[in-house]
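The figures here come from the full heavy-atom set of this structure, side chains too, leaving out hydrogens, waters and symmetry mates.
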Amino acid sequence: MALSLAISPCPNDTFVFHALVHGLVPGAPPVDVTYADVDVTNTAAERGAFDLVKVSYAALPWLLDDYHLLPCGGALGRGCGPLVLTRGDRDPGQPDSPGRPDLSGATVAVPGDRTTAYLLFRLWAAERPPARIEVVPFHEIMPGVAAGRYDAGLVIHEARFTYPRHGLTALVDLGEWWEADTGLPIPLGAILARRGAVDPEAAAGWIRESVRRAWADPAASREYVLAHAQEMEPDVVDRHIGLYVNEFTADLGDAGFAAVQALLGRAADAGLVPQTSSSLATAWTS
């Protein structure tokens with residue numbers, strides 16, 4: 001019986017899951033795959049819509065009763081954090097502290113209300129939150145900021161490489177802020193396995209083998225990755241994969257789990273997410 005899998009069409013996900021999706025992982029069941037932005041999968045996971053699903057780490061407090069957190073396949077790393085962008089000719093306001101522009105009167109476009117990017121932004125802007133937040137499809141954020149519809153925009157993934165083309169300026173790299181404040185990598189996207197539907201240890205093994213095959217023969221997935229890359233140039237695709245597919249993709253390890261616990265612990269202490277009842281360090285096998 002086929003397992004249902006939901007991932008994004010982004011190059012890191014298609015690169016990682018190419019072998020699993022195409023039946024190249026020995027012992028793995030067939031997979032029916034759905035491609036959707038993470039804001040969509042965050043909501044779908046609350047309904048138990050998929051057996052394996054990519055979600056934001058920020059959404060875990062609402063999902064761990066029904067899903068195991070897998071220790072592989074996701075997006076977590078260093079130097080890969082979300083950016084807050086504005087138009088180069090706009091004054092973001094005087095900094096309220098060194099390196100922290102004042103956005104208290106601004107309208108900020110964000111890619112989803114339970115994304116890790118937005119959770120990091122809320123932690124960063126806790127003392128001076130913006131006047132208005134608008135949830136906007138990711139592909140509309142940079143054009144909207146460039147056109148003046150929003151004072152600033154919160155972006156992720158390939159926007160790190162392409163925002164100057166829109167005449168935009170990075171006000172803050174939230175990854176740099178997080179790493180400087182915690183010393184930990186940035187937890188962005190997690191892979192979950194639905195409890196009762198799939199054995200989490202087996203699923204972790206399939207995904208790790210899919211990652212191994214992707215690294216062993218990058219050319220094998222090239223056509224598949226480019227077909228879903230939403231008109232990204234090959235150079236941007238390569239940089240995207242190089243940044244987001246890393247040692248934490250194969251195994252979160254102690255540093256990865258510590259980063260997740262730090263993010264959700266700080267957010268819960270600030271009242272931004274519910275306290276989680278499961279220990280994240282053992283959630284995938286509990």
Engineer: Rounded to the nearest 0.5 Å, what separates atom CH2 in Trp124 from atom CG in Asp173?
Structural biologist: 11.5 Å

Engineer: Any sub-3.5 Å donor-acceptor pair from Trp178's side-chain atoms to Pro185's backbone N or O?
Structural biologist: yes

Engineer: Do Glu46 and Arg114 sit within salt-bridge range, that is, some charged N less than 4.0 Å from a carboxylate O?
Structural biologist: yes

Engineer: Counting only N and O atoms by type, is there a donor-acceptor contact under 3.5 Å from the side chain of Ser56 to the main-chain atoms of Gly189?
Structural biologist: no

Engineer: Going by heavy atoms in the side chains, are Leu85 and Thr169 under 4.5 Å from each other?
Structural biologist: no

Engineer: According to a 4.5 Å side-chain heavy-atom criterion applied to Ile, Leu, Val, Met, Phe, Trp and Tyr, with indirect links allowed, do Leu24 and Leu3 form part of one hydrophobic cluster?
Structural biologist: no

Engineer: Any sub-3.5 Å donor-acceptor pair from Arg160's side-chain atoms to Pro82's backbone N or O?
Structural biologist: no

Engineer: State yes or no: do Val21 and Leu226 share one hydrophobic cluster built from I, L, V, M, F, W and Y residues joined by side-chain heavy-atom distances below 4.5 Å, directly or via other members?
Structural biologist: yes

Engineer: Run Val108 and Phe121 through side chain to side chain contact (heavy atoms under 4.5 Å, CB included) and show every step you take.
Structural biologist: CA-CA 10 Å; Val108 179; Phe121 177 81; 4.3 Å; yes

Engineer: Could you check whether any side-chain N or O of Arg208 sits under 3.5 Å from a backbone N or O of Asp251, counting only pairs where one atom can act as donor and the other as acceptor?
Structural biologist: no

Engineer: Could you go through Thr107 and Arg149, starting from their C-alpha distance and side-chain angles, then the distance that decides it, and tell me whether this counts as side chain to side chain contact (heavy atoms under 4.5 Å, CB included)?
Structural biologist: CA-CA 9 Å; Thr107 296; Arg149 291 193 293 275; over 6 Å; no

Engineer: Is the shortest heavy-atom distance from the side chain of Leu264 to the side chain of Pro61 under 4.5 Å?
Structural biologist: yes

Engineer: Rounded to the nearest 0.5 Å, what's the gap from CG on Asn12 to CG on Leu243? Could you check?
Structural biologist: 9.0 Å

Engineer: Evaluate the criterion side chain to side chain contact (heavy atoms under 4.5 Å, CB included) for residue pair Leu263 and Leu120; output intermediate values, then yes/no.
Structural biologist: CA-CA 8 Å; Leu263 175 69; Leu120 284 169; 3.9 Å; yes

Engineer: Do any N or O atoms from the side chain of Thr115 and from the backbone of Pro111 form a donor-acceptor pair under 3.5 angstrom?
Structural biologist: no

Engineer: Over all heavy atoms of both residues, which pair between Pro71 and Ala204 is shortest? Give the atoms and the distance, please.
Structural biologist: CD-CB, 4.2 Å

Engineer: Any side-chain heavy-atom pair from Pro200 and Leu70 closer than 4.5 angstrom?
Structural biologist: yes

Engineer: Is any side-chain heavy atom of Leu60 less than 4.5 Å from a side-chain heavy atom of Val55?
Structural biologist: yes

Engineer: Does any part of the side chain of Tyr35, heavy atoms only, come nearer than 4.5 Å to the side chain of Thr14, both counted from C-beta?
Structural biologist: yes

Engineer: When you measure from the side chain of Arg128 to the backbone of Ser104, do you find a donor-acceptor pair of N or O atoms at a distance under 3.5 Å?
Structural biologist: no

Engineer: Treat each ILVMFWY residue as a node, draw an edge where side-chain heavy atoms are under 4.5 Å apart, and state whether Trp177 and Leu272 are in one component.
Structural biologist: yes

Engineer: Once rounded to the nearest 0.5 Å, what's the spacing between atom CZ of Arg222 and atom CD1 of Ile241?
Structural biologist: 6.5 Å

Engineer: Check whether any side-chain heavy atom of Tyr244 sits under 4.5 Å from a side-chain heavy atom of Thr249, and report yes or no.
Structural biologist: no

Engineer: Got a donor-acceptor contact below 3.5 angstrom from the Ser210 side chain to the Leu20 backbone?
Structural biologist: yes

Engineer: Salt bridge or not between Asp217 and Arg212? Use side-chain N to carboxylate O under 4.0 Å.
Structural biologist: no

Engineer: Say whether Leu119 and Val40 are linked into one hydrophobic cluster, either directly or through other cluster members, by side-chain heavy-atom distances under 4.5 angstrom.
Structural biologist: no

Engineer: If you look only at pairs with a residue in residues 184-193, which of them pass as a salt bridge (Lys or Arg N to Asp or Glu O under 4.0 Å), with sequence neighbours excluded?
Structural biologist: none

Engineer: Of all residues at least two apart in sequence or in a different chain, which pass the ring-ring contact (aromatic ring centres under 6.0 Å, His included) check with His22?
Structural biologist: His18, Tyr224

Engineer: Just by distance, no angles: are the side chains of Asp32 and Ser4 close enough, under 3.5 Å, to form a donor-acceptor pair?
Structural biologist: no

Engineer: Hydrophobic clusters here meaning ILVMFWY residues chained together by side-chain heavy-atom distances under 4.5 Å, can you tell me if Leu123 and Leu184 are in one?
Structural biologist: yes

Engineer: List for me each residue that meets ring-ring contact (aromatic ring centres under 6.0 Å, His included) alongside Tyr118, sequence neighbours excluded, and say none if there are none.
Structural biologist: none

Engineer: Would you say Thr34 and Leu5 make side-chain contact, with heavy atoms under 4.5 Å?
Structural biologist: no

Engineer: Please report the interatomic distance NE2(His157) to SG(Cys80), rounded to the nearest 0.5 Å.
Structural biologist: 9.5 Å

Engineer: If the threshold is 4.0 Å, N to carboxylate O, is there a salt bridge linking Asp151 and Arg87?
Structural biologist: no

Engineer: With a 3.5 Å distance limit and no angle check, can you tell me whether Thr41 reaches the backbone of Val38 through a side-chain donor-acceptor pair?
Structural biologist: yes

Engineer: When you compare the side chain of Ile191 with that of Lys54, does any pair of heavy atoms fall below 4.5 Å?
Structural biologist: yes

Engineer: Ignoring hydrogens and geometry, is there a side-chain-to-backbone donor-acceptor pair from Thr116 to Tyr57 under 3.5 Å?
Structural biologist: yes

Engineer: Could you tell me whether Asp66 and Arg195 make a salt bridge, using a distance below 4.0 angstrom between a side-chain N and a carboxylate O?
Structural biologist: no

